[in-house]
Enquirer: 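Attaching a single structure in structure tokens format; questions to follow.
What you see is a predicted model, and the numbers here were worked out from it, not measured in a lab. Hydrogens, waters and symmetry mates are skipped; everything else that's a heavy atom, side chains included, is used. The chains referred to below are lettered A, B, ... by the order of the sequence lines, with proteins before strands, and numbering in each begins at 1.
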Amino acid sequence: MDESIKQILARESAGGAVLIRGWLRTARHSKNVSFLEVTDGSGFAGLQAVASPDLAEYEETVRKLATGCAVEVEGELVESQGKGQKYEIHASRVELVGGVGDDYPLQKKRHSLEFLRTLGHLRSRSNTIGAVLRVRNATSRAIHDFFQQRDFLYLHSPIITLSDAEGAGEMFRVSTLDAKNPPRDEDGNVDFAQDFFGSEAHLTVSGQLEAEIAAHSHSKVYTFGPTFRSENSNTARHLAEFWMVEPEVAFCDLAGLAELAETFLKSVFRDVLEACPDDFAFFDQRISPGIVSNLETIIESDFVQLPYTEAISILEASGRDFEFPVRWGIDLQSEHERFLAEEHVKRPVVVTDYPAEIKAFYMYMNEDGKTVRALDVLVPGVGEIIGGSQREHRHDVLLQRIRDLGLPEDEYWWYLDLRRHGSVPHAGFGLGFERVVQFITGVANIRDISPFPRVPGNAAF
RNA sequence: UCCCCGGUAGCUCAGCUGGUAGAGCAGGCGGCUGUUAACCGCCUUGUCGUAGGUUCAAGUCCUACCCGGGGAGCCA
């Protein structure tokens, strides 16, 4: 394989022959010399190739090169005479591998992210999306590193599931039945017993329940995979297909989970900043000024922990005229979360111990009988990036809760059975991968974080 | 899904109380002694989102729909 441009730029010294292949970010021609800035995606910075009219192919090839052309350049790596880069290539050969039409839509100038979204096949060549993809990659690695270093098992939870485990959201149906003429039972309903899996199947909305199974054998596990919600959400923070990270830890309570969440986020932020300094310089300059120092502050300071009841008191005492009135028992609305994270503490805030009524059935009931051991991590700008809880591991308490809520007891038989055999206190959280990348890059819309975003009405690329 | 705003050249936008479309960038041609999202000169580019309607006349006013943005709900 060729040495990447990133590797070449990291060399200790100039000198020696180099060969690069990539795409032109810009081509600047003047009478006696042409400058070609070549990128191969390995890093934010491109490598400048300098071509003189002495080259045999100068008039025919070099002079005609423009933004977007695919090229191969051979030459010597030299110290740059100009400012702005350490090294450049003194070209001895420039080959046009693939030209561009004069309708090539990407310019050297800034494009709107909305326009780039219509060019899903080309936008990864732009500065912003290119940087996002590198940071996304680095974030993914940092997440695996964090868990692997701590002996967490990477569990591949299923993508196709039979039950809507926690009512987490609308689900996409998976079926091989003839949609136009499905088999019917005697009542006239679609007979899913004849479907591929012998019953109704959907794309997963969460790997949590499977992670709980694995936590009861391997103690510390995490999932990291695609998740699907068919809700008609049209916001800058929702995708119909997104990646979720779900650690699940046996012998862990809510306090242990809060500590894990904080350590985890800080570790990921630190690793990603270190892995992509050029990309962050770009985000800091062009996308979200101050993002780097903001992340550094978060890494160095403690998260604020706030029990729900206390959060309500703070909101009530704020004197704000919220659209949704504040009282104990309400679910926190966007405006409340924003106030807490962006104005009150100005950093990530961990809200804990929510009223049971507004949380899922599987969360551990506190001694007060009113609140459950749940936890949300709220960050400025994005809102909730982590939601988790200590799970109810007491069989009788869980069974009563399922019955109280009128949930289908038989569908949860194995989930309940897990509480009958070697049940232990355990806790876990879910983290929206794209939301984390959104937060650390400062990119406003989650559709620019996913390389191929799926949203209501659009899965074009 | 709801509320608000928008859709004009390849892109980013201007276009007043209705009178028949424009600037920068991109692109083409030429120039320039090493440039940095280079620079200088000249040139080209339009179903004004779609379909109806009002009017002597619609980019401009009205209606519906489509798409995009901001906010909300739901959530990660």
Enquirer: I want to check one thing: is the phosphate of B/A38, taken as OP1 and OP2, less than 4.0 Å away from some side-chain N or O of A/Arg25?
Expert: no
Enquirer: May I ask you to say what A/Phe115 touches in the nucleic acid, namely base, sugar-phosphate or nothing, with a heavy-atom cut-off under 4.0 Å?
Expert: sugar-phosphate
Enquirer: What orientation do A/His121 and A/Phe461 show, parallel under 30°, tilted 30 to 60°, or perpendicular over 60°?
Expert: parallel
Enquirer: How would you label the contact of A/Arg63 with the nucleic acid (heavy atoms, under 4.0 Å): base, sugar-phosphate, or nothing?
Expert: base
Enquirer: Is A/Leu239 touching bases, backbone alone, or none of the nucleic acid, heavy atoms closer than 4.0 Å?
Expert: base
Enquirer: Sort out for me which residue in A/Glu210, A/Glu212, A/Gln208 forms a side-chain contact (heavy atoms from CB on, under 4.5 Å) with A/Glu246.
Expert: A/Gln208
Enquirer: Which part of the nucleic acid, if any, lies within contact of A/Asn234, taking any heavy atom under 4.0 Å across all strands shown: a base, the sugar-phosphate backbone alone, or nothing?
Expert: base
Enquirer: Can the ring centroids of A/Tyr154 and A/Phe147 be said to lie less than 6.0 angstrom from one another?
Expert: no
Enquirer: Using atom P of each nucleotide, how far apart are B/G71 and B/G15 to the nearest Å?
Expert: 25 Å
Enquirer: Please evaluate the base of B/U36 for a donor-acceptor partner in the side chain of A/Glu37 within a cut-off of under 3.5 Å?
Expert: no
Enquirer: Check every strand shown and say whether A/Gln48 touches a base, only sugar-phosphate, or nothing at a heavy-atom separation below 4.0 Å.
Expert: base
Enquirer: For the pair A/His393 and A/Tyr364, name the ring-plane relationship: parallel under 30°, tilted 30 to 60°, perpendicular over 60°.
Expert: parallel
Enquirer: Can you check the A/Glu337 CD to B/A72 P distance for me, whole Å?
Expert: 10 Å
Enquirer: What nucleic acid atoms does A/Thr235 come within less than 4.0 Å of, heavy atoms only: base, sugar-phosphate, or nothing?
Expert: base
Enquirer: Could you tell me whether the phosphate oxygens of B/G69, OP1 or OP2, come under 4.0 Å of any side-chain nitrogen or oxygen in A/Arg447?
Expert: yes
Enquirer: Heavy-atom nearest nucleotide on RNA chain B for A/Lys31 versus A/Pro105: which residue maps closer to 5'?
Expert: A/Pro105
Enquirer: Taking the same atom, C1', in B/G49 and in B/A9, what whole-Å distance lies between them?
Expert: 15 Å
Enquirer: With no hydrogens and no angle check, do the side chains of A/Ser92 and A/Glu74 hold a donor and an acceptor under 3.5 Å apart?
Expert: no
Enquirer: What nucleotide among B/U12, B/G73, B/G34 has an atom nearest to a side-chain atom of A/Phe324?
Expert: B/G73
Enquirer: Write down the distance between NE2 (A/His29) and C1' (B/U36), rounded to a whole number of angstrom.
Expert: 14 Å
Enquirer: Looking at RNA chain B, which of residues 64-94 of chain A put a heavy atom within less than 4.0 Å of it?
Expert: A/Ser80, A/Gln81, A/Gly82, A/Lys83, A/Gln85, A/Glu88
Enquirer: Just N and O in the side chain of A/Ser334: are any of them under 4.0 Å from OP1 or OP2 of B/G73?
Expert: yes
Enquirer: Validate the cation-pi geometry between A/Arg286 and A/Phe283: distance from NZ or CZ to the six-membered ring centre under 6.0 Å, angle to the ring axis within 45°.
Expert: no
Enquirer: Regarding A/Asn32, tell me which of base, sugar-phosphate or nothing describes its non-hydrogen contacts under 4.0 Å with the strands shown.
Expert: sugar-phosphate
Enquirer: Distance check: side-chain N/O of A/Asn445 vs OP1/OP2 of B/G69, anything under 4.0 Å?
Expert: yes
Enquirer: Report yes or no: is there a donor-acceptor pair, N or O only, under 3.5 Å between the side chain of A/His238 and the base of B/C75?
Expert: yes
Enquirer: Look at the side-chain N and O atoms of A/Arg28 and state whether any lies under 4.0 Å from the OP1 or OP2 oxygen of B/U35.
Expert: no
Enquirer: Report yes if a side-chain nitrogen or oxygen of A/Ser30 is closer than 4.0 Å to either non-bridging phosphate oxygen (OP1 or OP2) of B/G34; otherwise report no.
Expert: yes
Enquirer: Charged N to carboxylate O under 4.0 angstrom, A/Arg173 versus A/Glu200?
Expert: yes
Enquirer: Taking B/C61 as the reference, what is the distance to B/C16 when you measure between their P atoms (whole Å, please)?
Expert: 9 Å
Enquirer: Answer yes or no: does a side-chain N or O of A/Thr26 lie under 4.0 Å from OP1 or OP2 of B/A38?
Expert: yes
Enquirer: Would you check if there is a donor-acceptor pair between the side chains of A/Trp243 and A/Thr227 at a distance under 3.5 Å?
Expert: no
Enquirer: In what stems does RNA chain B take part, counting only runs of at least 3 consecutive Watson-Crick or G-U pairs whose two distances fall under 3.5 Å?
Expert: B:1-7 with B:66-72, B:10-13 with B:22-25, B:27-31 with B:39-43, B:49-53 with B:61-65
Enquirer: Are A/Glu262 and A/Lys266 close enough for a salt bridge, meaning some N to O gap below 4.0 Å?
Expert: yes
Enquirer: Quiz question: going by heavy-atom distance under 3.5 Å, is there a donor-acceptor pair between the base of B/C75 and the side chain of A/Ser233?
Expert: no
Enquirer: Whole-Å distance between B/G73 P and A/Glu323 CD?
Expert: 7 Å
Enquirer: If you count every heavy atom of other residues, nucleotides or ligands that lies below 6.0 Å from A/Arg141 atom CZ, does the total exceed 12?
Expert: no
Enquirer: Are A/Phe322 and A/His336 close enough that their ring centres sit under 6.0 Å apart?
Expert: yes
Enquirer: Whole Å only: how far is the CG atom of A/Asp278 from the P atom of B/U36?
Expert: 20 Å
